[in-house]
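A short write-up of the structure that comes next.
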Protein chains: 2
Amino acid sequence: MSFAELLTQGQVERVHEGSLEILEEVGLMVRYAPARDLFRVHGCAVDSETNRVKFPRAVVEKYIKVLPPKFTFHARDPKYDKTIPDDSPVIVTGSSAPDILDPVTGVERRAVIADIVHIAHLIQELPAYDMFSVSVLADDAPANQFTLARLYPAMKYCSKPIRITSKDLPDARDILQLAYLVAGSEEAYREHPFITHHYCPVVSPLTMDHLSTEAVMFFAEQGLPVYPTIVPNAGLTSPMSLLGTLAQGNAEFLAAACLMQMVREGTQLIYATLPTVADMRTGAYASGGIECGMLHMAHAQMAHFYNVPYGGYIGLTNSKINDAQSGYETGLSTMAGLLAGMDMMNMGGLVEALKTFDFAKAVIDDEVAQMLKRMKRGLEFSEENLAVEVIKKIGPGGSFIVEPHTIKRMKTAGLLTKLSDRDTRSQWTKKGAQDIHARAMVKVREILAKPSSTLFSEEVEERIRAHFTDLITAEMEVPEGLQIVSS
Amino acid sequence: MSFAELLTQGQVERVHEGSLEILEEVGLMVRYAPARDLFRVHGCAVDSETNRVKFPRAVVEKYIKVLPPKFTFHARDPKYDKTIPDDSPVIVTGSSAPDILDPVTGVERRAVIADIVHIAHLIQELPAYDMFSVSVLADDAPANQFTLARLYPAMKYCSKPIRITSKDLPDARDILQLAYLVAGSEEAYREHPFITHHYCPVVSPLTMDHLSTEAVMFFAEQGLPVYPTIVPNAGLTSPMSLLGTLAQGNAEFLAAACLMQMVREGTQLIYATLPTVADMRTGAYASGGIECGMLHMAHAQMAHFYNVPYGGYIGLTNSKINDAQSGYETGLSTMAGLLAGMDMMNMGGLVEALKTFDFAKAVIDDEVAQMLKRMKRGLEFSEENLAVEVIKKIGPGGSFIVEPHTIKRMKTAGLLTKLSDRDTRSQWTKKGAQDIHARAMVKVREILAKPSSTLFSEEVEERIRAHFTDLITAEMEVPEGLQIVSS
């Protein structure tokens, strides 16, 4: 596939030059002192009064050259390991939503640990998801287990790669400790680090914060998988033009990329973004707007220019429910992202932008992701698929239905969708005239009724509880209202 | 924008070669005798027993070279004239659905003349539609006015370009007569022919029918705008491989294109398609499948290879209602088509594949089309939009909200969507928690309450009725259930 491009090569180079100019003349305010020190050591000009770090062109150019072209997501079960861009597109859940649509009542409420148990099991079972970025926060997490209370159920019920963030360094150390216990030892974990760490160290415009910057540096030092996402919002935290937002966001990515390479040259990373344009009538966060897809396409071009893997949060919707708006917002921007060459898409399960998880949306997005992956497979060029001899044999007015060429391909040429309804109206009406939200909830019930295949062994559980003596339990208990209704 | 491509240039050439081989060795069965005669005169080999027409390579290559690179859609009101590819994407309604979801009851029924009045007025008022391809049939059309009963209300209530088909030659002549009366004279009409004629003369595999082939030849002879659509269905009427369906569909297009150029060299045409892959579990017509979008992308590459405008029916859904399936099926394939360089999209207003028109879907698709057009506008590259000086001025931690650069662009940089909801959940709930279908129906009521701005003058009406003495009337009468509810 050759990718759709909104910019010419010359325009990409001009954006790059603009970003270099911004980094050289204005730079970033860096709030975390060890980051400032590192920048200084590696040739940046640091003003210790204003905490401003300026990047000479030569410094940025040096580190751009060493950015690794690949990023690997390891999984607890290695059969789920993925490397981008080789395995693109890697499909990931949207993450860290504070709220959830209660799967029994449909009413919005805070998400809790029990939800993560259900969601992790669901993502394990849905085929298009390649990675589980823990979808929600846990409002009932004990104070000392802010992240553990999310990570433990996520890992227990999902053996695909897990992506998670943390709030501070002690929290990050707890994550690692839990990972070592699951893997058997620190050495075993480091050989195959099945958690990917994620942060937003840059607060637009052009500011590096304390805690996330610290975390990115920590994991990069450790040689463990970590990457940053850049999140400008045009009109508020970046210019009210897609191009200006691109230039600034690109400068912010380059600053974070330099930092990671200064920590440890050759550290794998992803050029990851969530760029949006504010709806200036109300200031609304319009991540469902088509401009979000356009900005992703443009950033993908910059990432290709630097030869680094590219991804981000895409397919978000501003709708509150699974209506047609939710469908077209997700469909339009994810297809734009795919055809622009995105390697990773955080696209599953959220409504109301990043605020609310919905079980049915996660199932629907799995179907959308299957369609995206079918697109990526392309036309499968071969002389046999070109079928000139078959066409000549069947000839005018004939039928292809019983041809061996047809029978051989009838289960593979077209994606046999499970959730998308293709019945006639009368068939559909006889089956209950369900919309796709209702059908998705049937699928949720079916999956939740299946036993988990990913639980930790007794030995691992004991090891974990010996270390984290007060760790939350996370048993699978499907509430009555979510169980399969027998007819 | 540079387009996404699923095939390499070498693969495009191989498909072209495969199509030439099919045309040369197997050819088409041509049921309409004057078409066979014309093919014979222009160098094809015609078997008069089997009605098989074979196309020597040199014949096809000769006519490929003379295909015009543009196609113009004229409108009754010339300000709506569009030429592709200059004005791409031209957005058009899906057409000729037999059924409609009754806008008051929501129940499916046969479509009637009164529906066309409402639909034509709606399409006139919805900004993203560039052309009205008459969306439904008219079940209550008098026997002698099969097409007149659709065309008269369509033209009366919509002054954008009109696209229509006909059932036979007398019907086609009636269309022209009505057009002459509206224009004032045959000469006036021919100077600015505001109806575009459309047919599917090729029945896959590789067969030209009688009536549609006759109609295409008739309008091409007259020098009036006409184009054919190619509609293979993989697994049934073409091979069960996307590539084989492409090779056959491309051969079918080339045959129709040769015919039109043989009628009159330099006749404008569109490479237009609706290629699908049958769902072989049930034989269902899966026009909502992602493969439909993929085949359009591949045909777009072939059209670019021949340097002819490209379009087709895309964004169709197999859903029966405006749910998330309807949204993502429309969103995914229209974005794929746009980024592959489609010049024209018949994409508006239908559910259940091509079977049923829905008013709310037409409004929703207008919003989708606005997003596609925003994408086509791209990043609007300029130094001012790159905004390096603005970014330097605002600096780390600043806000862009009150910058003149921002204020100048706040109404144009992002599409200010009218139908897509961006409220918070609490705002949305206060406003009634409507899904987008309900909001679209509010918009339908608002538009239907507006007076038409396109009615014929009294003089034109008198001229029409003097000729067609028993022509249906088509008064705008909004049923009570569709009127705006005052609060």
Side-chain angles (χ1 to χ4, degrees), chain A residues 2 4-6 11 18 21-22 26 29 206-207 235 239-244 247-248 277 279-280 284 286 290-291 318 320 322-328 331-332 335-336 339 364 368 371 374 378-379 381 385-388 390-392 395-397 406 409-410 413-414 420 422 425 428 435-436, chain B residues 2 4-6 11 18 21-22 26 29 206-207 235 239-244 247-248 277 279-280 284 286 290-291 318 320 322-328 331-332 335-336 339 364 368 371 374 378-379 381 385-388 390-392 395-397 406 409-410 413-414 420 422 425 428 435-436:
Chain A
S2 84
E5 296 183 333
L6 297 180
Q11 290 169 346
E21 186 179 331
I22 292 163
V26 181
M29 173 150 55
L206 299 169
T207 303
M240 190 77 220
S241 57
L242 303 194
L243 202 59
Q248 181 189 307
V277 176
D279 189 320
M280 298 300 275
I290 194 64
E291 297 79 15
N318 285 99
K320 265 52 74 184
N322 288 306
D323 62 355
Q325 178 183 340
S326 163
Y328 68 68
L332 287 165
M335 182 55 78
L339 293 180
I364 292 168
V368 171
M371 295 171 89
R374 174 66 192 89
L379 261 62
F381 195 91
N385 279 335
L386 192 62
V388 173
V390 181
I391 295 165
K392 282 155 61 175
T406 300
R409 289 167 175 75
M410 54 196 287
S420 301
R422 291 170 174 175
R425 187 174 296 274
W428 174 76
D435 68 7
I436 195 170
Chain B
S2 84
E5 297 184 332
L6 296 180
Q11 290 169 346
E21 185 179 333
I22 292 163
V26 181
M29 173 151 54
L206 299 169
T207 303
M240 190 77 218
S241 57
L242 302 194
L243 202 60
Q248 180 188 307
V277 176
D279 189 320
M280 298 300 275
I290 194 64
E291 296 79 15
N318 284 99
K320 265 52 74 184
N322 289 307
D323 61 354
Q325 178 184 339
S326 164
Y328 68 68
L332 287 165
M335 183 55 78
L339 293 180
I364 292 168
V368 171
M371 295 170 89
R374 175 66 192 89
L379 261 62
F381 194 92
N385 279 335
L386 192 62
V388 172
V390 181
I391 295 164
K392 282 155 60 176
T406 300
R409 289 167 175 76
M410 55 195 287
S420 302
R422 291 171 173 174
R425 187 175 295 273
W428 174 76
D435 69 7
I436 196 171

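By convention in this document, chain letters (A, B, ...) are assigned in the order of the sequence lines, proteins followed by strands, and residues within each chain are numbered from 1. Model, not experiment: these values are computed from the prediction.
- In this structure, the side chain to side chain contact (heavy atoms under 4.5 Å, CB included) partners of B:Ala286, at least two apart in sequence or on a different chain, are A:Arg422, B:Asp279, B:Asn318.
- Annotation: maximal heavy-atom pairing with chain B below 4.5 Å, among A:Ala247, A:Gly397, A:Ala284, A:Pro239, occurs at A:Pro239.
- In terms of modelled atom types and a separation under 3.5 Å, the side chain of B:Arg374 and the main chain of B:Ala413 share a donor-acceptor contact.
- Each of B:Leu6, B:Val390, B:Ile391, B:Thr207 has some count of heavy-atom pairs under 4.5 Å with chain A, and the biggest count is that of B:Ile391.
- Your options are A:Lys392, A:Met280, A:Met240, and the one with the most heavy-atom pairs under 4.5 Å with chain B is A:Met240.
- Counting heavy-atom pairs under 4.5 Å between each of A:Met29, A:Glu21, A:Lys320, A:Met335 and chain B puts A:Lys320 at the top.
- Expressed to the nearest 0.5 Å, how far OH of B:Tyr328 lies from CG of B:Asp323 amounts to 8.0 Å.
- Put simply, of B:Ile22, B:Ile364, B:Leu379, the one with the most heavy-atom pairs under 4.5 Å next to chain A is B:Leu379.
- In terms of non-hydrogen atom pairs under 4.5 Å with chain A, the most contact-rich of B:Leu386, B:Leu339, B:Val388, B:Ile290 is B:Leu386.
- Contact count versus chain A (heavy atoms, under 4.5 Å) is highest, among B:Gln248, B:Glu291, B:Met371, B:Gln325, for B:Gln325.
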- [ ] Decide yes or no on side-chain contact (heavy atoms from CB on, under 4.5 Å) for A:Leu242 and A:Val277, but give the supporting numbers first.
- [x] CA-CA 8 Å; A:Leu242 303 194; A:Val277 176; 3.4 Å; yes
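- Among the candidates A:Pro396, A:Gly378, A:Gly235, A:Ser420, the residue making the largest number of heavy-atom pairs closer than 4.5 Å to chain B is A:Pro396.
- No side-chain heavy atom of A:Asn322 sits under 4.5 Å from any side-chain heavy atom of A:Ile436.
- Of all the listed residues (B:Glu5, B:Arg409, B:Met410), the one sharing the greatest number of non-hydrogen pairs under 4.5 Å with chain A is B:Glu5.
- For the options B:Gly18, B:Ala387, B:Ala336, B:Ser326, heavy-atom pairs under 4.5 Å to chain A are most numerous at B:Ala336.
- Within the 4.5 angstrom heavy-atom criterion, atoms from both the backbone and the side chain of B:Gln11 approach chain A.
- Chosen from A:Thr406, A:Val26, A:Leu332, A:Asp435, the residue pairing most often with chain B at heavy-atom distances under 4.5 Å is A:Leu332.
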